[in-house]
Amino acid sequence: VKKIFGGSRGQLAGQFLGETIIQSFLALVLASVAVELLIPSFNRFTGKGIESGFILEPNTILIGIFIAILTGIMAGVYPAFYLAAFRPVRVLKGRQGTGSKSARARKFLVLLQFSISIALIIGTLLVYSQLKFIRNADLGFNKEQIILLPSVNAISANFETFRENLFQHPDIKYVTGMEDILGANHNTRRVQIEGLNEDVAYWFPMFMVRHDFIETFDIKVVAGRSFSSKISSDTARAIMINETMARNMGWTNEEALGKRIRSDGNERVIGVFRDFHILSLHKPINNFILDMVQNPNGAAALTRYVAIRADTRNYKKLLSFIGKEWEKLAPNRPFEFTFLNEELNQLYDDEDKFSRFSLLLTFLAVVIACLGLFGLTSYLAEQRTKEISIRRALGANVVNVLKLLSREFILLIILANLIAWPVAYVLANRWLQSFTKSIPINWFLFLLAGFTALVLALMITTYRAFRASGKNPADTLRYE
């Protein structure tokens, strides 16, 4: 009508572009309010520390304006020039079709959206499965029911007294000391090794420990014995190595026994223990040495943590007892504790945040894909209103209409799976390779993601089929 009354193609295109840009700015305002309100929840969900009010910073405002203009232009440029090119006579006669190119473009966008959504669903499921696996993986030692106390000078200097006092509680089974948190960190020290050039000092990962370390963490000794408080010379003459070190030195586990590995004394290997993960599962198992310190002052200085294995079912009374024993030796220092499994879980905080973020991203992608599919089904249902009405007049039921509308979408979902599966497999496999232990890629998760997308598509098309079949054919065909 506007073109009949003299409107030019440029004016119409400018009107469409202006409208979409205005809509983009309105969306920017609503989005800014939503972001400001959701920042606290987002921080809790992802573990971030974004401050409220950042949305009003000059740089943020400029970026928002740029994105709004760019979005408005990108959203409006195609319909602006496409609709402005319509011929008024053909449109007013109802002969102006929307063309197959427009339908193909809509289908391509829906296909792309569902491909991304399916890939994200697969990725999210795999991330959660891997996180569950690493939290329950066999690390080579027992991390459950271990209470950790960050030590202080008064406790470290009187470690044996503190240890004996703790054994008065029936639920406490073992107590040991160590220089760091097992499974989270370690130190590296110089040693001289029999069979190698003994004039050269080699650097090896090492842990300085106290008696009952092996027993506290339930580490399996595969050859020889562990440190014993009954053998006083162990602090100066005993050392233990893991299976990997024995193998890398060219020894069997039994051949390693008695080999000289000097650290701060005249130590010899008294035992070989089963490999365990010294660090997170991102790092491979490597050579590792356990040693003790003969000098009491040195032993105290390297007792930075006290580890207690206990029956923690009645942990409140247990912690109260440990706190009282702590106060006897260190009354001026606060009693602090943590649990080993909680400390080790913190090694995967980044993965945990990533999993929560991927869940949020997947949810948004699925919502956008469903909106796109809803728009496409509405468009196709509107285009085929007369056809559906004729079929209804000839006796077709809702199921027939559903088959008519859903056939194309089922094919789109199948094609989206064929696109998403290889991409998700490659990316997931690359991510899982960053762990030394990982789950196998389960194809059931791929099927589950595809089935979820199919169910969502069928729910949307079913709704549109009910709406389309609910129209009275007489009202639609009255003027045909």
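All figures in this text were calculated on a predicted structure; none of them were measured in a lab.
- A side-chain donor-acceptor contact under 3.5 Å links Ser32 to the backbone of Leu28.
- Using a distance-only test at 3.5 Å, with no hydrogens or angles considered, a donor-acceptor pair links the side chain of Ser24 to the main chain of Gly72.
- For Arg333, the CZ atom is loosely surrounded, since the number of other residues' heavy atoms within 6.0 Å does not exceed 12.
- In this structure, Ser229 contributes its side chain and His211 its backbone to no donor-acceptor pair below 3.5 Å.
- In this structure, Phe207 has its ring center at least 6.0 angstrom away from the ring center of His186.
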Does the pair Phe354 and Asp350 meet the rule for a side chain to side chain contact (heavy atoms under 4.5 Å, CB included), with working shown?
CA-CA 6 Å; Phe354 173 67; Asp350 289 342; over 6 Å; no
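- Closest of all the heavy-atom pairs between Ala238 and Asp291 is O-OD1, 3.2 Å.
- Under a cut-off of 6.0 angstrom, the local environment of CZ in Arg190 is sparse, with at most 12 non-hydrogen atoms contributed by other residues, nucleotides or ligands.
- Here NZ of Lys283 is found 13.5 Å from NE2 of His277. Values are rounded to the nearest 0.5 Å.
- Ring geometry for Phe217 against Phe213 counts as tilted: the plane angle lies between 30° and 60°, on a 0 to 90° scale.
- Taking the six-membered ring where tryptophan is involved, the planes of Trp431 and Phe435 are perpendicular, since the angle between them exceeds 60° and thus also 30°.
- Sparse packing is recorded around CZ of Arg237, with 12 or fewer heavy atoms of other residues, nucleotides or ligands lying under 6.0 Å away.
- In summary, of the residues considered (Arg356, Gln130, His282), a side chain to side chain donor-acceptor pair (under 3.5 Å) with Glu351 occurs for His282 alone.
- Residues Lys259 and Glu194 form a side-chain contact, since some pair of their non-hydrogen atoms from C-beta on lies under 4.5 Å apart.
- No side-chain donor-acceptor contact under 3.5 Å links Tyr174 to the backbone of Asp218.
- The closest donor-acceptor contact from the side chain of Asn295 to the backbone of Gly298 lies under 3.5 Å.
- Inspection of the Ser151 and Ser156 side chains reveals an N or O donor paired with an N or O acceptor under 3.5 Å.
- Between Phe25 and Ile65, some side-chain heavy-atom pair lies under the 4.5 Å cut-off.
- For Asn153, the CG atom sits in a loose shell: 12 or fewer heavy atoms of surrounding residues, nucleotides or ligands are nearer than 6.0 Å.
- Residue Asp212 forms a salt bridge (charged side-chain N to carboxylate O under 4.0 Å, His left out) with just one option from Arg309, Arg163, Lys173, Lys230, and that option is Arg163.
- When ring centroids are compared, Phe337 and Trp326 stay outside the 6.0 Å threshold.
- Put simply, the side chain of Val293 reaches to within 4.5 Å of the side chain of Met208, judged on heavy atoms.
- Here the closest heavy-atom approach between residue Ile219 and residue Phe141 is recorded as CG1-CB, 3.8 Å.
- In this structure, CH2 on Trp443 lies 14.0 Å from CG on Leu448, to the nearest 0.5 angstrom.
- Between the CZ atom in Arg313 and the CG atom in Asp311 there is a gap of 4.0 Å [rounded to 0.5 Å].
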Test side chain to side chain contact (heavy atoms under 4.5 Å, CB included) on Ile239 and Arg268; report intermediate values, then the result.
CA-CA 6 Å; Ile239 204 165; Arg268 290 182 180 271; 5.9 Å; no
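- The aromatic rings of Phe339 and Tyr315 sit perpendicular to each other, their planes meeting at more than 60°, with 30° as the lower class boundary.
- Between Leu290 and Phe227 the shortest side-chain heavy-atom distance falls below 4.5 Å.
- At a threshold of 4.5 Å between non-hydrogen side-chain atoms, the residues Tyr202 and Leu196 count as touching.
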For the pair Asp352 and Arg135, evaluate salt bridge (charged side-chain N to carboxylate O under 4.0 Å, His left out) and give the outcome as yes or no after the intermediate values.
CA-CA 11 Å; Asp352 192 47; Arg135 286 190 177 119; 3.3 Å; yes
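- Here OG of Ser355 is found 11.5 Å from CG of Leu360. Values are rounded to the nearest 0.5 Å.
- The line from CD1 of Ile134 to NZ of Lys132 is 13.0 Å long, rounded to the nearest 0.5 Å.
- At most 12 non-hydrogen atoms from other residues, nucleotides or ligands lie less than 6.0 angstrom from CZ of Phe363.
- For the residue pair Ala420 and Ser115, the shortest heavy atom distance occurs at CB-O, 3.2 Å.
- Between the side chains of Ser438 and Gln433, no donor-acceptor pair is found at a separation under 3.5 Å.
- Side chains of Ile289 and Met240 form no contact here, defined as non-hydrogen atoms less than 4.5 Å apart.
- No hydrogens or angles considered: a donor-acceptor pair under 3.5 Å links the side chains of Asp275 and Thr244.
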As a quick check of understanding, evaluate salt bridge (charged side-chain N to carboxylate O under 4.0 Å, His left out) for Glu179 and Arg304, giving each step before the final call.
CA-CA 5 Å; Glu179 63 173 319; Arg304 300 189 182 111; 3.6 Å; yes
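- When only modelled atom types and interatomic distance are considered, Arg210 and Thr303 share a side-chain donor-acceptor pair under 3.5 Å.
- Between Ala330 and Ala154, the shortest heavy-atom distance links the atoms CB-CB, 3.9 Å.
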Mind running side chain to side chain contact (heavy atoms under 4.5 Å, CB included) on Leu126 and Leu445 for me, showing each step along the way?
CA-CA 8 Å; Leu126 282 169; Leu445 300 180; 3.5 Å; yes
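- Listed for the Lys437 side chain is a donor-acceptor partner under 3.5 Å among the backbone atoms of Asp138.
- Trp251 and Ala256 make their closest contact through CE3-CB, 3.7 Å (heavy atoms, listed as atom of the first residue, atom of the second, distance).
- Ion pairing between a basic and an acidic side chain is recognised when a charged N comes within 4.0 Å of a carboxylate O; Glu327 and Lys324 show no such pairing.
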Would Phe204 and Ile193 count as a side chain to side chain contact (heavy atoms under 4.5 Å, CB included) here? Give the steps.
CA-CA 10 Å; Phe204 276 80; Ile193 301 177; 3.4 Å; yes
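- Rounding to the nearest 0.5 Å places CE of Met245 at 15.0 Å from CD1 of Ile285.
- The shortest distance between side-chain heavy atoms of Ile414 and Leu454 does not fall below 4.5 Å.
- Counting only heavy atoms from C-beta outward, the side chains of Ile241 and Phe288 never approach each other to under 4.5 Å.
- Shortest non-hydrogen contact noted between Leu148 and Ala307 is CD2-CB, 3.9 Å.
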